[in-house]
Amino acid sequence: MGKGTVHLNKPNSKCLNGSNFALEAFQMNRQTSSYSLALLPKTRNLPSYQWLRDSIRSGILAGMLGPGQRLPATRELARHYGLSRGTVLTAIEDLKAEGYLCGVRGSGIFVSDLLPDQLLQSKEPESRQPPTKTVQLPRLSDFGKRLKPFQFFVNPSSLAFRTTLPALNLFPTTLWAQVAAQVLRRVSCSDLLGCEGRGYLPLRTVLAQYLRASRGVRCEPEQIVIVSGIQEALDLVARLLVNPGERVLIEDPGFQVAYSVFESLGARLQSVPIDKYGAAPQRQQFRNARLLYLTPGHQFPVGVTMPLRRRVEILQHARDAGTLILEDDYDSEFRYSGSPLPAMQGIDRDNRVIFTGSFNKVLFPSLRMGYIVVPPALVEPFVLAKTMITRHHSIFDQAIVYQFIEQGHFGRHLRRMRKVYADRLNALHYHVGERLSGILTLSPIEAGLQTIGWLKEGILAEDVRHAAARRKIDVVPLSRYCHKIRQDEAIQLGFAAIDEEAIRKGVMGLAAALDGLDRR
């Protein structure tokens with residue numbers, strides 16, 4: 001630590017009288033971390049006690065030392081600044097007398113809650129205060145001007161029927177902590193240095209094996225770039241492959257974040273309609289289109305799985321027009337029925353498909369880890385862009401995920417959750433059939449964490465949302481994912497995060513809401 005700085009504990013208590021508080025303050029502040037405070041330069045003729053007193057007072061008035069902040073012990077201050085303890089005590093006593101500091105026996109010296117300067121100041125009546133000037137914001141770039149807010153359609157106060165949410169209470173947190181502890185105990189100097197931009201090689205190696213076996217993806221570890229999730233993957237693809245003004249084909253209804261990313265970077269978006277087989281782009285739409293964004297494994301938000309024939313047809317159109325495809329493998333790990341289909345990337349022989357997936361729903365959302373599988377010709381620019389923007393993802397998180405997969409925990413967790421989610425989907429179908437027959441019809445999905453409920457003619461999804469919210473039930477109107485193409489009235493229902501009893505109660509509440517709307 002350089003001269004002119006001193007360690008001070010973070011504020012965690014208030015300076016009050018009383019032995020109970022003294023003990024509490026001592027116990028709380030023992031656990032606080034410390035940081036450095038820069039003090040005033042010391043002039044040659046100024047007595048040392050005045051320099052220390054003035055420096056601490058300035059720090060308090062500038063807000064560098066907050067109310068309740070504990071100062072270091074006087075012996076520590078004396079040792080650090082090469083002063084006698086008597087000099088330090090004189091400065092501290094002066095500040096106590098002025099009202100800036102107070103002492104608690106057995107706990108230390110603290111910054112006072114109420115400073116003497118505040119006691120001398122009177123607040124000017126609001127009516128007499130001068131009007132605040134309007135601050136002109138700096139000019140934004142074209143990218144900044146194109147940014148639009150997007151919304152995650154969930155109500156944090158409810159669980160039924162929150163979308164895109166896994167069953168976090170069933171995640172093996174203790175096991176995860178054990179794996180993390182094993183990884184951290186073996187940390188080396190090279191681990192502290194970091195890894196290459198594309199990510200931790202052992203993770204990319206086991207991930208390539210997993211994707212080849214479970215998703216039919218044709219890839220080598222060198223083609224995989226570890227990212228924070230689908231959103232970063234979208235951003236990298238858009239930055240590297242789409243210029244402002246170029247056309248991007250995108251599903252409608254579709255993923256709101258994808259729309260926001262491509263629009264913010266100046267792409268011209270063209271809606272692709274959804275039918276019972278998923279995205280249904282017409283051959284002529286591919287002409288001069290730079291990119292097509294798809295969720296074939298489990299279309300978001302409708303939930304249908306694209307059959308092989310449609311996939312082959314789209315690949316043919318893309319090859320003829322020179323269009324690239326971004327395949328978002330959304331929720332495909334959770335498959336409940338039907339024969340597994342290989343990813344579009346796996347049946348692409350022209351290296352036109354970029355494949356992306358995420359661990360954030362399979363494991364837990366705050367992990368913030370996903371991956372991109374890029375064609376060999378695009379590996380270098382993707383790695384350069386990732387390295388320039390964020391250098392690399394946390395190597396410790398990557399190492400933990402690698403060990404979680406390598407030790408077999410990932411596969412066991414995935415198999416367990418598939419069964420749990422399948423049971424919950426069946427429960428949702430059963431209770432909706434019992435209580436909402438003729439009013440709400442669930443879409444038959446093969447994969448994913450949510451489904452779509454089509455409403456009886458004459459009932460509006462927005463009305464359902466409001467009526468359900470009054471019963472603390474969360475549903476999302478399908479129209480909120482639409483842009484230019486309109487669908488029939490429907491609501492999106494998440495089932496993965498809630499158990500069968502909560503599903504039953506949620507359906508009962510939704511039935512009450514819908515019954516009132518139906519009668520009206």
Side-chain angles (χ1 to χ4, degrees), residues 146-166 229-231 234 248-264 267 269-276 278-280 293-295 298-304 328 330-331 358 360-361 365 428 432 436 439-443 445 447-498 506-507 509-510 513-514 517-518:
R146 286 191 295 262
L147 287 175
K148 294 179 182 178
F150 57 86
Q151 185 176 1
F152 291 102
F153 301 122
V154 294
N155 178 1
S157 66
S158 69
L159 282 177
F161 295 94
R162 284 184 62 178
T163 61
T164 71
L165 188 67
I230 299 298
Q231 289 173 230
L234 284 165
V248 171
L249 308 180
I250 191 165
E251 298 171 326
D252 189 358
F255 186 32
Q256 294 281 353
V257 176
Y259 274 86
S260 297
V261 170
F262 290 121
E263 280 186 329
S264 68
L269 302 186
Q270 182 172 355
S271 293
V272 173
I274 305 299
D275 63 17
K276 63 180 180 179
Y293 170 77
L294 289 176
T295 55
H298 174 234
Q299 201 281 330
F300 185 87
V302 175
V304 296
D328 183 349
Y330 180 79
D331 279 357
S358 172
N360 297 329
K361 296 293 188 296
L428 180 62
V432 167
L436 290 168
I439 301 178
L440 185 73
T441 303
L442 293 182
S443 179
I445 64 168
L449 304 179
Q450 54 272 324
T451 187
I452 288 290
W454 302 97
L455 293 164
K456 176 183 177 181
E457 186 177 355
I459 298 179
L460 301 180
E462 286 290 347
D463 291 342
V464 176
R465 186 189 74 84
H466 289 294
R470 289 194 289 270
R471 293 167 172 81
K472 298 189 180 300
I473 296 171
D474 188 27
V475 298
V476 182
L478 179 60
S479 59
R480 297 199 174 189
Y481 298 107
C482 296
H483 292 262
K484 293 184 178 179
I485 298 174
R486 294 299 158 193
Q487 294 274 349
D488 293 337
E489 293 293 320
I491 54 175
Q492 191 182 40
L493 302 162
F495 56 84
I498 51 176
V507 170
L510 188 58
L514 281 166
L517 293 173
D518 190 34

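- The closest side-chain heavy-atom distance from Lys361 to Asp331 is below 4.5 Å.
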Legend entry - Steps toward side chain to side chain contact (heavy atoms under 4.5 Å, CB included) verdict (Leu249, Tyr293): CA-CA 6 Å; Leu249 308 180; Tyr293 170 77; over 6 Å; no
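- Closest of all the heavy-atom pairs between Leu493 and Thr163 is C-CG2, 4.3 Å.
- Leu478 approaches Pro301 most closely through the heavy-atom pair CD1-CG, 3.5 Å.
- One distance of note links CG of Leu455 with CG of Asp463; it measures 10.0 Å at 0.5 Å rounding.
- Between Gln231 atom CD and Asn360 atom CG the span is 9.0 Å, to the nearest 0.5 Å.
- One N or O on the side chain of His298 and one on the backbone of Ala447 form a donor-acceptor pair closer than 3.5 Å.
- Ile491 places none of its side-chain heavy atoms less than 4.5 Å from the side chain of Trp454.
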Inset, instruction - Could you give me the CA-CA distance, side-chain angles and deciding distance for Glu489 and Lys456, then say whether salt bridge (Lys or Arg N to Asp or Glu O under 4.0 Å) is met? - result: CA-CA 8 Å; Glu489 293 293 320; Lys456 176 183 177 181; over 6 Å; no
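- Closest of all the heavy-atom pairs between Ala490 and Ile452 is CB-CG2, 3.7 Å.
- For the atom pair NE2 of His466 and CG of Leu460, the computed distance is 10.5 Å after rounding to the nearest 0.5 Å.
- Rounded to the nearest 0.5 angstrom, Ile250 CD1 and His483 NE2 are separated by 7.0 Å.
- Between the side chain of Asp275 and the main chain of Ala280, no donor-acceptor pair closer than 3.5 Å is present.
- The CG atom of Asp474 sits 10.0 Å away from atom CD of Gln492, with the distance rounded to the nearest 0.5 Å.
- In this structure, the side chains of Ile459 and Val464 come closer than 4.5 Å at one or more pairs of heavy atoms.
- Using a 30° and 60° split on the angle between ring planes, Phe255 and Phe300 fall in the perpendicular class, above 60°.
- In this structure, a donor-acceptor pair under 3.5 Å is absent between the side chains of Tyr481 and Gln487.
- At least one side-chain heavy atom of Leu440 sits less than 4.5 Å from a side-chain heavy atom of Leu510.
- Not a single donor-acceptor pair under 3.5 Å links the side chain of Ser358 to the backbone N or O of Gly229.
- Taking the side chain as every heavy atom from C-beta outward, Ile274 and Gln299 approach each other to under 4.5 Å.
- Put simply, the side chain of Arg480 reaches to within 4.5 Å of the side chain of Arg465, judged on heavy atoms.
- Between Ala468 and Ala513 the shortest heavy-atom distance is N-CB, 4.0 Å.
- The nearest pair of heavy atoms linking Val507 to Phe161 is N-CZ, 3.6 Å.
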Inset, instruction - Walk me through it: do Val257 and Leu234 pass the test side chain to side chain contact (heavy atoms under 4.5 Å, CB included)? - result: CA-CA 9 Å; Val257 176; Leu234 284 165; 4.2 Å; yes
Inset, instruction - Step by step, work out the side chain to side chain contact (heavy atoms under 4.5 Å, CB included) result for Leu514 and Leu436. - result: CA-CA 8 Å; Leu514 281 166; Leu436 290 168; 3.6 Å; yes
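- Nearest heavy atoms, Ala160 versus Gly506: CB-CA, 4.3 Å.
- A donor-acceptor pair under 3.5 Å links the side-chain atoms of Asp252 to the main chain of Lys484, judged by distance alone.
- Within the 4.5 Å cutoff, no side-chain heavy atoms of Ser271 are placed close to those of Cys482.
- The shortest distance between side-chain heavy atoms of Glu251 and Leu294 falls below 4.5 Å.
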